[in-house]
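Here's the structure, in structure tokens; my notes come after.
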Amino acid sequence: MAFSGHTQKVIRRSFPLESQVPRSNYLNIQEEKQKLQLKKFLLHRMFLVAKTTANVEKKDFTEYYEQVFHSISKPHLEEPVTGLLLIYPTSILHIVETSSGTLYRILSDYLHHKKNEREFFIQGMKIIVVSHNIPTRIFMQWHVSVIKVPVMYLDDVTQSQSLKEVITEFLTKTHKLSVYLCKTLKVGPKGVGDNLHEVIPELLLPEQIIKCLCKSEEFMDAETFLNIYNEPIHVTFDSEVVWPAPSQF
């Protein structure tokens, strides 16, 4: 009887431990796998603006960038591109989240088309902000949306603002829009849609601000940015500034 009582006591002690063992499913495994993949490289977020030519449709942008992303992703499967492309009547705002190497290839492809085509439909691209080594993504996919705003009825607010005020409004509204989309969008084929001007007009930038930033000489264009990126880093060592110069054996 003592042996039987001891057995029952052991069972009662081990039963709660079994209920504490974490259980996993296929979805949890895939989510953890995705997290590991996204951490294989340093993540950066770039904010781009550019002018566009007349009579350009949404499919022109979608097909161009999807082709670029596809060509980049072949040898770099672990570096997906996420972000948001807002298409205004005569300009675009593009937020891109990916690795530095992929950002470099995206800008390089743009310059290639700009130099080899008589009139590429994306013109005067400027880099407004680059956030390096960000801890996480805002977007889990790459989204495209057409902003259908009757710009002819909007006042040009940039005429009475300094560049500092313009860039502050740009960053504030862009951040609020990104946070809103992060909370409301779900991963899937549906995407953002082309009715943001009806759903959240207060979070959208006036196109005049984008045009103002495109004209400003305070921001680097894509070619200047890549030239600086490609320049070697010159580091002056202490041994190079002492006199007499130390001899090397």
Side-chain angles (χ1 to χ4, degrees), residues 27 30-31 34 38 43-73 79-98 102-103 106 109-110 120-129 131 134 136-155 157 169-214:
L27 177 61
Q30 291 300 313
E31 289 177 344
Q34 185 180 28
L38 296 180
L43 187 62
H44 311 285
R45 184 180 298 120
M46 180 176 284
F47 294 79
L48 304 165
V49 295
K51 298 176 290 184
T52 60
T53 57
N55 303 320
V56 185
E57 298 181 359
K58 179 180 179 179
K59 69 174 184 178
D60 297 321
F61 292 97
T62 304
E63 291 175 357
Y64 166 68
Y65 276 112
E66 286 182 348
Q67 185 274 327
V68 174
F69 298 159
H70 178 71
S71 63
I72 294 174
S73 65
E79 302 180 12
V81 177
T82 59
L84 175 67
L85 174 63
L86 297 182
I87 305 172
Y88 288 80
T90 59
S91 62
I92 60 172
L93 164 61
H94 200 182
I95 305 172
V96 186
E97 300 172 326
T98 186
T102 301
L103 289 175
I106 292 172
D109 189 89
Y110 158 74
F120 188 48
F121 63 89
I122 301 175
Q123 300 178 348
M125 182 179 288
K126 292 290 184 67
I127 292 91
I128 306 302
V129 180
S131 301
I134 57 177
T136 185
R137 297 173 185 263
I138 294 179
F139 306 95
M140 293 309 296
Q141 290 179 256
W142 184 72
H143 302 279
V144 185
S145 180
V146 177
I147 307 301
K148 301 175 182 178
V149 179
V151 292
M152 67 284 295
Y153 299 112
L154 296 177
D155 296 329
V157 294
E169 183 174 357
F170 172 87
L171 294 174
T172 301
K173 284 198 171 184
T174 303
H175 175 73
K176 290 181 178 180
L177 174 63
S178 301
V179 171
Y180 170 83
L181 295 177
C182 176
K183 293 179 179 180
T184 56
L185 287 178
K186 296 181 180 179
V187 177
K190 187 175 181 180
V192 176
D194 295 333
N195 62 338
L196 291 179
H197 58 286
E198 298 175 354
V199 180
I200 46 171
E202 71 281 0
L203 298 182
L204 295 178
L205 281 169
E207 188 177 22
Q208 289 85 349
I209 288 183
I210 298 177
K211 288 183 176 180
C212 176
L213 297 177
C214 288

Once side-chain contact (heavy atoms from CB on, under 4.5 Å) is applied, do any residues pair with [X], and if so which ones, sequence neighbours excluded?
X      : value
Thr62  : Lys58, Glu66, Val144
Val56  : Thr53, Asp60, Phe61, Phe121
Glu63  : Lys59
His175 : Val179

Would you be so kind as to tabulate the donor-acceptor pairs closer than 3.5 Å made by side chains of residues 44-52, with sequence neighbours excluded?
{"residue": "His44", "atom": "ND1", "partner": "His132", "partner atom": "ND1", "Å": "3.3"}
{"residue": "His44", "atom": "ND1", "partner": "Asn133", "partner atom": "N", "Å": "3.2"}
{"residue": "Arg45", "atom": "NE", "partner": "Glu97", "partner atom": "OE2", "Å": "2.8"}
{"residue": "Arg45", "atom": "NH2", "partner": "Glu97", "partner atom": "OE2", "Å": "3.1"}
{"residue": "Arg45", "atom": "NH2", "partner": "Thr136", "partner atom": "O", "Å": "3.3"}
{"residue": "Thr52", "atom": "OG1", "partner": "Thr90", "partner atom": "O", "Å": "3.4"}
{"residue": "Thr52", "atom": "OG1", "partner": "Ser91", "partner atom": "N", "Å": "3.3"}

**Q.** Results of salt bridge (charged side-chain N to carboxylate O under 4.0 Å, His left out) for Lys176 - residues two or more places apart only
**A.** none

Note, [X] side chain near [Y] side chain (heavy atom, < 4.5 Å):
X      : Y      : value
Leu86  : Leu205 : no
Arg137 : Leu43  : yes
Leu196 : Leu181 : yes
Glu202 : Ile200 : yes
Tyr110 : Val68  : no

Q | All ring-ring contact (aromatic ring centres under 6.0 Å, His included) counterparts of Tyr65, not counting sequence neighbours | A | Phe69, His94, Trp142

**Q.** Which residues share a ring-ring contact (aromatic ring centres under 6.0 Å, His included) with Phe120, sequence neighbours left out
**A.** Tyr64, His113

(Q) Suppose the criterion is salt bridge (charged side-chain N to carboxylate O under 4.0 Å, His left out): which pairs have a residue in residues 83-95, not counting sequence neighbours? (A) none

(Q) For the backbone of Leu171 and the side chain of Thr174, can you confirm whether one donor and one acceptor N or O come within less than 3.5 Å of each other? (A) no

Q: Quick one: closest heavy-atom pair of Ser178 and Ile95, and the distance?
A: OG-CD1, 3.7 Å

